[in-house]
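In what follows, chains carry the letters A, B, and so on, assigned in the order in which the sequence lines appear, proteins first and then strands, with residues in each chain numbered from 1. Heavy atoms only: backbone and side chains are in, while hydrogens, waters and symmetry mates are out.
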Number of protein chains: 2
Amino acid sequence: MTLYDVAREADVSTATVSRVLHGHDRVKASTRQRVLDIIEALGYVPDGAAQSLSRKRKQIVGLIAVESRGPGSDIEQTSLLFLEEVLRGVESPVGDIGWSLLISFMVRDDTAYARLQSMSGKVDGLLISEGIVSSPELATLARRLPIVLVAGSPDEPNVDVVDADNRTGTRALVCHLVEVHNATRLYYVAGPDEAPDARARRNAFDEELARHPGVTACGYFEGRFASSGGKLAAQEILATPRRDRPDAVVCANDQMAIGAMRELQANGVAVPTDIAVVGFDDIYSGALVTPSLTTVSQPMRLLGERACSRLLERIADPALPHQVELLPTRLVIRESCGCAAAPAALVQDRVQR
Amino acid sequence: MTLYDVAREADVSTATVSRVLHGHDRVKASTRQRVLDIIEALGYVPDGAAQSLSRKRKQIVGLIAVESRGPGSDIEQTSLLFLEEVLRGVESPVGDIGWSLLISFMVRDDTAYARLQSMSGKVDGLLISEGIVSSPELATLARRLPIVLVAGSPDEPNVDVVDADNRTGTRALVCHLVEVHNATRLYYVAGPDEAPDARARRNAFDEELARHPGVTACGYFEGRFASSGGKLAAQEILATPRRDRPDAVVCANDQMAIGAMRELQANGVAVPTDIAVVGFDDIYSGALVTPSLTTVSQPMRLLGERACSRLLERIADPALPHQVELLPTRLVIRESCGCAAAPAALVQDRVQR
DNA sequence: CTGTTAGCGCCTTCAA
DNA sequence: TTGAAGGCGCTAACAG
């Protein structure tokens, strides 16, 4: 079932069928209808590969998702909402213009680059959700095809980057803790140092502390974005004498915050009364736990959308200058920071968003 | 940068380059090395479209995800873990053999069939995550290319189906409520009737009730799998005199169960003391709420894996007879059914059937 | 072991 | 308004 079959059946040339298929050129109405009927009757569907080859454009963008941040991170929670939301964001602009989305999960290992290369032969552009390859490798790839980093390091040269404004978000959160709740001793639970967003958040934490004389970081812990990381951090805190404990625990993401909170509570520490706990990401579960989690919301869907749109622009015009786009985050104040519980109705609404 | 460039540079024919590229034929070691070097130096990557066209195989499978179950359902929660987990499950067999995954979100509307058709021209087989097109349309598509329904209706002819065993799972849950907690009045919160899994669960509920004389269904509510549905059902329950209320509320999924539970609690009804509430799916948040949610766990990742493997088999041999595969579910007993809080480890190990 | 040569299915000038 | 024909980049017989 090819274009030729349709052409023969309709007694026209393949060029005409092609024209009809795309509404492009002017074709006599009667001819058009005849061809359309045949197409319908035969159930003809054009072959994507042949179209791609001929047009020299695959009309496909690739999305590379990190499979895991390494041992000790529970995948299901880690990138959970992240991938799902970003995915939907990405699919929207892509689907709107009739293109497709090719997705692949990768781990940051020595095969990653080769897999990326092979992928680069199947798409018109690549969306990479984090630095899973080294910067020079990225540069090489970027020479072959347009690449946009989603939530990647904003300092990466040679590619476009779209990211949430981790810095402003973290600083707003810390500022809230310090100025509203008078916290003076903060404990930070960081994400893995390889993750650009983890680094950005941690740096912002330090930065904001520096702005508040008298406020100190009384401890750091590096987790892997999994709830177990928060748990371990909490145990570390529990092991110190009561008077050396922090006023608040700031976590690089919600999973760790929830893990920390539960561990503290399980050991008789009241949250937020004894110690406040806050996270980052605003995952669904954060609104459900007790106390509900104060956190920072990232526009994940928008992240996907913007990244994809930029990629599309760049595919259309490869000469475009590289750009970094930071999307605004939003402080979500709930109970775990020490703020009063919101009326139930409000909470409900937030759950359903 | 094509195969020809490499061939010219290495002073061999394109056939040889192709051979080297695939390790297929025997090529003299020295020649092979020379070609390999040139490939490396030039940074050559084969064009996927050309390969597909030539091989008459695209080495791509398509995954169709439902965008939403219609108004009133909150997407982020509905297919939440579902899509993410299934996706990972699917990607695994696909990636193992070097194929790719094309993904597309669709709504069940009048454009769905057309979009599916166009997608069918870009892949070797299709994974459809639910009945978004009518049965006859499905049959037509299935004639053109292999199709596997993921969590679709097991009675669909002409396609393979891989699904969780909703029936056994639901029955085990109801049975637990009746036999362990002596529930006699059950209220059922169903999912939308168009959803095959919603129907399967509801039917299983009725079926199990029929097996227990003296136990009655004291009410039904049809939600759309969103937490707001559970909330509405709860309001309905709250509107009835205390003595007419159910012993337990069985929900077709966890979101609705959580919604119902929160609404009951907000109105002074203790869960599970006054009324027990149970769900289905075992989403992450279920373990976090208070009381923790008793539910049924579906092997979502496995679902994706099995569905994809079957699709691959069918692509390899289209003559294969159609099959339905039901994957075992697991009862996850926590607190909301009335059981005492159990150590996490125990719950994990309690495998059903 | 290596080269020659048809296609694969569609698009797109260039002519008519 | 329509047709003829040359690619697009790669694979796979078939020869040598």
Please state how far atom [atom1] in [X] lies from atom [atom2] in [N], giving the value in whole angstrom units.
{"X": "B:Gln59", "N": "D:dT11", "atom1": "CD", "atom2": "P", "answer": "10 Å"}
{"X": "A:Met1", "N": "C:dG9", "atom1": "CE", "atom2": "C1'", "answer": "12 Å"}
{"X": "A:Arg19", "N": "D:dT1", "atom1": "CZ", "atom2": "P", "answer": "11 Å"}
{"X": "A:Leu53", "N": "C:dG9", "atom1": "CG", "atom2": "P", "answer": "12 Å"}
{"X": "A:Lys56", "N": "C:dC10", "atom1": "NZ", "atom2": "C1'", "answer": "14 Å"}
{"X": "A:Arg8", "N": "D:dA4", "atom1": "CZ", "atom2": "P", "answer": "14 Å"}
{"X": "B:Lys58", "N": "C:dC8", "atom1": "NZ", "atom2": "P", "answer": "14 Å"}
{"X": "B:Lys122", "N": "C:dC8", "atom1": "NZ", "atom2": "P", "answer": "21 Å"}

Could you please name the option among [options] that lies closest to any side-chain atom of [X]?
{"X": "B:Ala50", "options": "C:dC11, D:dG3, D:dG9", "result": "D:dG9"}
{"X": "A:Ser54", "options": "C:dC11, D:dT11, D:dA13", "result": "C:dC11"}
{"X": "B:Asp47", "options": "C:dC8, D:dG9, C:dC1", "result": "D:dG9"}
{"X": "A:Ala15", "options": "C:dC11, C:dT12, D:dC10", "result": "C:dT12"}
{"X": "A:Val27", "options": "D:dT2, C:dG3, C:dC10", "result": "D:dT2"}

Answer yes when [X] and [Y] have at least one side-chain N-carboxylate O distance shorter than 4.0 Å, and no when they do not.
{"X": "A:Arg108", "Y": "A:Glu194", "value": "no"}
{"X": "B:Asp37", "Y": "B:Arg34", "value": "no"}
{"X": "B:Arg88", "Y": "B:Glu84", "value": "yes"}

_Students often get this wrong, so: under 4.0 angstrom with heavy atoms, is A:Val17 touching a base, only sugar-phosphate, or nothing?_
nothing

*Contact class for B:Thr31 (heavy atom, under 4.0 Å): base, sugar-phosphate, or nothing?*
sugar-phosphate

*Given that A:Val45 and B:Arg34 both sit by DNA chain C, which one's nearest nucleotide is further toward the 5' end?*
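First, find each residue's nearest nucleotide; the 5'-ward one identifies B:Arg34.
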
*Step by step, would you call A:Leu87 with A:Ile103 a side-chain contact (heavy atoms from CB on, under 4.5 Å)?*
CA-CA 9 Å; A:Leu87 199 58; A:Ile103 180 169; 3.7 Å; yes

Examine [N]: is either OP1 or OP2 under 4.0 Å from a nitrogen or oxygen in the side chain of [X]? Give yes or no.
{"X": "B:Tyr4", "N": "D:dT11", "answer": "no"}
{"X": "A:Gln51", "N": "C:dG9", "answer": "no"}
{"X": "B:Ser18", "N": "D:dA12", "answer": "no"}
{"X": "B:Thr16", "N": "C:dT2", "answer": "no"}
{"X": "B:Arg55", "N": "D:dT11", "answer": "yes"}

*Most 5' of A:Lys28 and B:Thr14 on DNA chain D, judged by nearest nucleotide*: A:Lys28

*Return yes if a side-chain donor-acceptor contact under 3.5 Å exists between A:Ser134 and A:Glu137, otherwise no.*
yes

*Which one of A:Val148, A:Ile147, A:Asp160 satisfies the side-chain contact (heavy atoms from CB on, under 4.5 Å) criterion with A:His322?*
A:Asp160

